[in-house]
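Residues: numbered from 1 along the sequence shown. Source: prediction; values computed, not measured. In listed order, ligands and their atoms are each counted from 1.
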Amino acid sequence: MEVDLSKQLQGSLKVKELGLHTHFFDKIESTQDRALSMAQNDSHSKHGTVIIAEEQSAGRGRKGKKWISPRGGLWMSIILQPKFGSRKISLLQFIGALAVGDSILEMTDIICTHKWPNDILIQGKKVCGILVDVNFEGDKGGTVVVGIGLNANFSTQELFNSGTFEGCFDVTTLRDILKHDIELNDMTRLIIEKLEYYYLLLEDGKTGEIIESWKRGSEIFGQKVTVKDGDNILYGRALGLDDFGALLITLVDGSVKKVLFGEVSVSYDV
Ligand code: BTN
């Protein structure tokens, strides 16, 4: 069922292109899947359309993982039709993370950290994940959907209690940290506005600024790290990011390896 909070949000948004069309749902399977199908089938769903649900019954995360999405969270997907070529698409996950981190700071004074490539952490625990689905043909363009899942007005205990969630130790919520709830509509508005700010930087070719801002929020650079990608495990020291967000690791033999995928953690035993 689509609910009519759209007008409220749209009335308050200060934007040029993102969030001019919004669809609110009480409960749907996944805002990401809805956005993808809207982008494919509905000619009215154009660049900047935002899909928000109060609850998702089949939210999904990266690598096909389930994303538990109870009421109280911020579950949102944004349809983008970038004018830039496919090489910059990888930076969309970084601008999503920057938009969320900046919004949390502005609304709550909490400083988040970034975990490569697209997690947002508070006190070392994941509070938000970004999912980017791409339907892009080289430089011919296409559609990208940026999904944002922010654990806000529920506790991790509630996730435990749902009996379906296994990774609670590494997860947190804004309610756990703040001990009170936030105004979700305000947070949604802030995130869309800041996403647009970073998106326009990206369109303007200011990728260096995006990478530097993201790096400032990360604690891994200069540290010994372990990168796991399936059965592949890499040990080294996090050196930096390349212009498109790939992680650069200095290996034990001094060579530099570019990492495109994987789970990074700081390692104390190398
Ligand atoms: C991750 O694995 O860290 C990414 C999680 C992304 C979850 C969000 S919630 C809104 C949107 N709809 C989905 O089904 N997934 C994304």
**Message:** My understanding is that only residues two or more places apart in sequence, or in another chain, count here; which of them pass side-chain contact (heavy atoms from CB on, under 4.5 Å) with Lys126?
**Reply:** Trp67, Asp119, Leu121
**Prompt:** Can the positive tip of Lys224 be found less than 6.0 Å from the middle of the six-membered ring of Tyr235, inside 45° of the ring normal?
**Reply:** no
**Request:** Please round to the nearest 0.5 Å and tell me the distance separating atom OG of Ser37 and atom CD of Gln40.
**Result:** 7.5 Å
**Prompt:** Got a sec, which residues hit side-chain contact (heavy atoms from CB on, under 4.5 Å) with Glu219, two or more places apart in sequence or on another chain?
**Reply:** Thr113
**Message:** Distance alone, cut at 3.5 Å: any donor-acceptor contact between the side chains of Tyr197 and Asp102?
**Reply:** no
**Item:** Residue pairs passing the salt bridge (Lys or Arg N to Asp or Glu O under 4.0 Å) test where at least one lies in residues 67-85, sequence neighbours excluded
**Value:** Asp26-Arg71, Glu54-Arg71, Glu55-Arg71, Lys83-Glu203
**Complete:** Those residues with a heavy-atom separation under 4.0 Å from ligand 1 are Ser30, Thr31, Gln32, Gln56, Gly59, Arg60, Gly61, Arg62, Trp67, Trp75, Met76, Ser77, Asp119, Lys126, Gly129, Ile130, Leu131, Ile148, Gly149
